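Working notes, beginning with the structure itself.
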Amino acid sequence: MEYNFLRIEEKWQKYWAQNNIYKTEIDESKPKYYVLDMFPYPSGAGLHVGHPLGYIASDIYSRYKRLNGFNVLHPMGYDAFGLPAEQFAIDTGQHPEITTEKNIKRYREQLDKLGFAFDWNREVKTCSPEYYKWTQWAFIQMFCSYYCKDAQRARPVSELMEIFETEGNSRINAACTEEIRFTADEWKIKTEKERQEILMNYRIAYLADTMVNWCPRLGTVLANDEVVNGLSVRGGYPVEQRKMRQWSLRISAYAQRLLDGLETIDWTEALKETQRNWIGRSEGAEIRFGIADSNESITVFTTRADTIFGVTFMVLAPESEYVAKVATPVQKAEIENYLNSVKRKTERERIADRKISGVFSGGYAINPFSGEKIPIWISDYVLAGYGTGAIMAVPAHDSRDYAFAKHFGLPIIPLIEGCDTSNESFDAKEGIMTNSGFLDGLTVQEAIRKAKEYVRENELGTVKVNYRLRDAIFSRQRYWGEPFPIYYRDGMPYPIPENELPLHLPEVDKFLPTESGEPPLGRAKDWTYDGYRIELNTMPGFAGSSAYYLRYMDPHNTEALVSKKANEYWKSVDLYMGGIEHATGHLIYSRFWNKFLYDLGYVVESEPFKKLVNQGMIQGRSNFVYRINGSNTFVSKGLKDNYDVSELHVDVNIVDNDILDTKRFKRWKPEYETAEFILDSDGEYHCGWSVEKMSKSLYNVVNPDDIVVTYGADTLRLYEMFLGPLEQSKPWDTKGIDGVHRFLRKFWRLFHSDGEFYVSDEPATDSELKVLHRTVKKIRSDIESFSFNTSVSAFMICVNELGDLKCNKKQILEPLTVVISPFAPHIAEELWRMLGNKTSIVNASFPKHDENILIENSFEYPVSFNGKTRFKLEIPLSADTDEIREKVLNNAQTQKFTEGKEPKKVIVVKGKIVNVVI
RNA sequence: GCCUUGGUGGUGGAAUUGGUAGACACGCAGGACUUAAAAUCCUGUGAGCAGCAAUGUUCAUGCGGGUUCAAUUCCCGCCCGAGGUACCA
């Protein structure tokens, strides 16, 4: 019987689905293991061959764990809210739900063909009301909570109100938007609206006027991680800064815990480092500088308190509130001018335009250490959003201040002995202080400490830790997202009662903003609760993906996001597989979301993802043809330099091994029908190639469905793993797939003789057993270290050796089938049944290897003299190092080399004589 | 700039963490089977030198040093690529 992969794969996929083979339930008798993939956004383009890489790897791991006796949770779902479906809806009028459902169906078909062990009973879609009910629920919990800095956790806002009632807020140490102080008596006489405004200051999900990334083209605000280089990640449209009233999540309150949590989880150092940088902790001090001839002062943040004697000017961000306080009438016009020019620039222009600009405010400040009077400037190199929006400039030791000082001719005072600041600043934190009053003679590190102490003792400011991490902007002016369960009364937001969730996304006539500029939900009829207007914004993409891993544990629960029982059993994700691109978005939001729910006691683990593996991207490998300019003649790569040619992308599917199928090329596009070719000397047309993103427009997309039809899913799975290390990005190149396919056919043939199934019950020989046990050992350690590429090699070696031994014995082949099954589940299942087993191979157990079988009785030891192998010596393997040494010394050949002298050394490593030094 | 990664044959990549560098696969070359093709199988394949040959020998893991009997692996200094981040004070 031939290896008919199409028949086999179809048969077992059907069997697995019909018999619910991968359905998972809580089973207290087994240890649990939770393997999660980052769920996909179902895009209209479908899956290309790069998408399933991570799914295959996690599938192998989850099957392996199951074979080792674990109760494995391995679910899949869809991150279904998102901009592309909505943009498509705007263009075509088709409801995003229809587009999304269609895409999901297509994804499911493609995924099903690859033989994954997903428990589809647990499927979630973020756009379904049963699911987003819990996204809305979580939002209400955040709305009703504040972050207590003393307890370092979230607590209910109701508790806060009780304290205000009895003692005001003087004792409250909470994360808030703005510091305000009031007594109990003051609280009592406040109106409901005033009270709500104060509470808003504390809520973890809060409404505030904040600087946001506004994307006019998308008509919505975006979070920081959704903007790259001043352009939106989706669509690549310009983004500008704007002050708007928006929902935000007080994620900054969790900065330290998000940082500390990284120490407890098994992620790569690179990823942890990316998160550390994003959180951006910096230790320093806030120091007050008095404004000359005024009672007011400016507070700056600095990590270099030691350099305060070198402050020669101050700089305010253009948006800073201090600007109005220090501006003098004389300078007014010039300042206005500057502020306007800054405001006109978009974020992107501001980044692109690194020209030094600024304006003198007219005001002066007093250096609190030296008492000197220093000018205050305004410049956009200082950011309003970080620290206090004002800095003390130390041009000698900060390159940005240096450039500014040089440009405007401001003085530069060096503070470190022997440093040269004539051409550039000296930014390093090393050296001995000078020109610095009481700090003179100290090292920089000592001076930083001492200056901070001085600040604290003399009440010039406070020692402070700053974080770069901003609160997450949580509202979007779009249609296709979760509606906020919030209504407005007297201008203030109130939550819709939890028992009335979900709040369904309403129907609208168009998916565009209203004529008055309100978000699309402004078009919904009766968009009210109890007669009050409901929030018109929707939630951002990351809302639905922040807690989906919890929902998989208990996806049909109508009473809770996840039941206590399910959460206590599954706890957290043991292995999370996904792309690195979510390092500063999803992977921060999820950790925050989880910590928040942990604070409230809804989940038992403080970190959601114990181990995380980033699979690399699969890039496309593009092919090129060379057209002679002004003609329809194409010249092969080897001869192209003799002509004036243009390089054109050609569909990789009509190129084999970089050789163009010229007949298919002519049929590819009408304009090439009359194409002529100048071939290389071997009579072939050779194409050029390069590695690029896999994309339709570059004609380098390879569709998994096509591969499955030609080679089968098992071959595709093996080949994707064989391509290279899992975590490394690599180009897809179909040409190597034959080797892997050949391996599967050889494996199949081991079970057959003269075309008929034939496996003998004879006992295996020592060498056959050795092949099996070596393979088992190797695969086990490879899977545990995610080295799937070397696993495939090990299989190939194993099958080649068994082929040479003509081994077709059940004793060897049966366990080997189990070992291969995580990689190639269909063929393994088929052979497993042919071997006479009654139940699915997924219920088998992964074989163990026997070290005793692996050890040989004796070994030919290479004996090297001064680094060169001279002869081999047979010594029993049981011999210890001293015995080996003895043998070598007494050997006649050794004595020939040493000329009877005693060798200096015999070096034995792991039972091997690697060198004898004479 | 900073942080994180990598750099090994014609190609993708191995190397049990200091112990025979190049496993496995692709490609290429030659051969077997076949009327022929496909499929399959076998052999060879880092480079140089010597030899009819078996084989011997030298050089090779981005570059330059160092430690060691022994370095792709450890240390120091450079060069190049990829990813992240960027007026974060």
Side-chain angles (χ1 to χ4, degrees), chain A residues 2 228-229 268-278 280-282 284-285 300-305 307 314-315 317 350-351 353-354 356 379-383 385-394 397-401 403-404 427 466-470 580-581 583-584 614 616-617 619 621 657-658 689 691 718-719 722-725 727-740 742-743 745-746 749 777-778 781-782 785 787 789-798 800 803 862 864-869 903-910 912-918:
Chain A
E2 264 299 289
V228 173
N229 277 333
T268 59
E269 198 44 45
L271 182 53
K272 286 188 189 181
E273 198 57 33
T274 304
Q275 290 216 340
R276 282 189 203 113
N277 292 340
W278 189 259
R281 178 190 159 101
S282 60
V300 300
F301 176 75
T302 181
T303 55
R304 296 291 304 271
T307 61
M314 293 185 79
V315 186
R350 236 169 115 158
I351 290 164
D353 182 14
R354 283 291 175 90
I356 295 159
S379 173
D380 67 353
Y381 85 89
V382 174
L383 305 176
Y386 184 76
T388 61
I391 61 153
M392 56 178 226
V394 186
H397 303 291
D398 183 290
S399 51
R400 295 152 300 177
D401 297 345
F404 193 81
D427 291 14
N466 246 334
Y467 299 92
R468 200 181 80 104
L469 185 69
R470 296 275 83 88
I580 187 82
E581 66 273 17
T584 54
N614 289 122
M617 248 212 326
Q619 298 144 311
R621 188 178 185 280
N657 195 18
D658 290 339
W689 63 274
V691 173
L718 280 162
Y719 186 56
F722 186 63
L723 224 39
E727 308 202 17
Q728 193 175 301
S729 283
K730 57 238 159 190
W732 174 267
D733 191 351
T734 309
K735 77 181 180 193
I737 201 168
D738 285 317
V740 173
R742 216 167 283 151
F743 150 72
R745 303 179 83 103
K746 281 187 205 165
R749 237 178 290 134
K777 183 181 178 182
K778 171 87 174 135
S781 72
D782 277 353
S785 61
S787 308
N789 53 333
T790 51
S791 313
V792 182
S793 302
F795 286 141
M796 289 177 178
I797 296 168
C798 169
N800 280 339
S864 309
F865 284 90
N866 290 345
K868 282 170 194 162
T869 302
K904 277 191 204 143
K905 270 194 213 172
V906 177
I907 298 159
V908 181
V909 175
K910 290 179 193 164
K912 257 186 178 177
I913 306 148
V914 295
N915 207 354
V916 180
V917 185
I918 303 165

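Here is the naming used below: chain letters follow the sequence lines, and residue numbers restart at 1 for every chain. Predicted model only: the values in this text are computed from it and were never measured.
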TODO: Could you tell me how the ring of A:Phe404 sits relative to the ring of A:Tyr381: parallel (under 30°), tilted (30 to 60°) or perpendicular (over 60°)?
DONE: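 A:Phe404 vs A:Tyr381 ring planes: tilted.
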
Please state whether the phosphate of [N], meaning OP1 or OP2, lies under 4.0 angstrom from any side-chain nitrogen or oxygen of [X].
| X | N | value |
| --- | --- | --- |
| A:Thr268 | B:U5 | no |
| A:Tyr381 | B:A89 | no |
| A:Asn789 | B:A14 | yes |
| A:Asn614 | B:G83 | no |
| A:Gln728 | B:G13 | yes |

Of the listed nucleotides ([options]), which one gets closest to any side-chain atom of [X]?
| X | options | value |
| --- | --- | --- |
| A:Trp278 | B:A89, B:A86, B:A14 | B:A86 |
| A:Arg749 | B:U40, B:A86, B:A25 | B:U40 |
| A:Asn277 | B:A89, B:A86, B:C3 | B:C3 |
| A:Met796 | B:U85, B:U4, B:A25 | B:A25 |
| A:Glu273 | B:U4, B:G13, B:A89 | B:U4 |
| A:Tyr386 | B:G13, B:A89, B:C24 | B:A89 |

Enumerate all atom pairs, one protein N or O and one N or O from nucleotides 72-74 of chain B, separated by less than 3.5 Å.
none

Task: Beyond-backbone contact of A:Trp732 with A:Tyr719, side-chain heavy atoms, under 4.5 angstrom - done: yes

Open item on the list: Any heavy-atom pair between the side chains of A:Val300 and A:Met314 that's under 4.5 Å?
Closed with: yes

For [X], answer base if it contacts any base atom (sugar-phosphate contacts may also be present), sugar-phosphate if it contacts only those atoms, and nothing otherwise; contact means non-hydrogen atoms under 4.0 Å.
| X | value |
| --- | --- |
| A:Lys746 | sugar-phosphate |
| A:Tyr467 | nothing |
| A:Pro731 | nothing |
| A:Ile391 | base |

Task: B:U17, syn or anti by chi within 90 degrees of zero - done: syn

Task: Glycosidic conformation of B:G9, taking syn as within 90° of 0 and anti otherwise - done: syn

Open item on the list: For RNA chain B, please output the secondary structure as dot-bracket, reading 5' to 3'. Pairs are Watson-Crick or G-U wobble, both atom distances under 3.5 Å; mark crossing pairs with [ ], other-strand partners with |, unpaired with a dot.
Closed with: (((((((..(((......[....)))((((((.......))))))(((((....)))))..(((((..]....))))))))))))....

Open item on the list: Strictly under 4.0 angstrom, non-hydrogen atoms only: write out the protein contact profile of nucleotides 27-34 of chain B, one letter per nucleotide from the 5' end, B, S or -.
Closed with: SS------

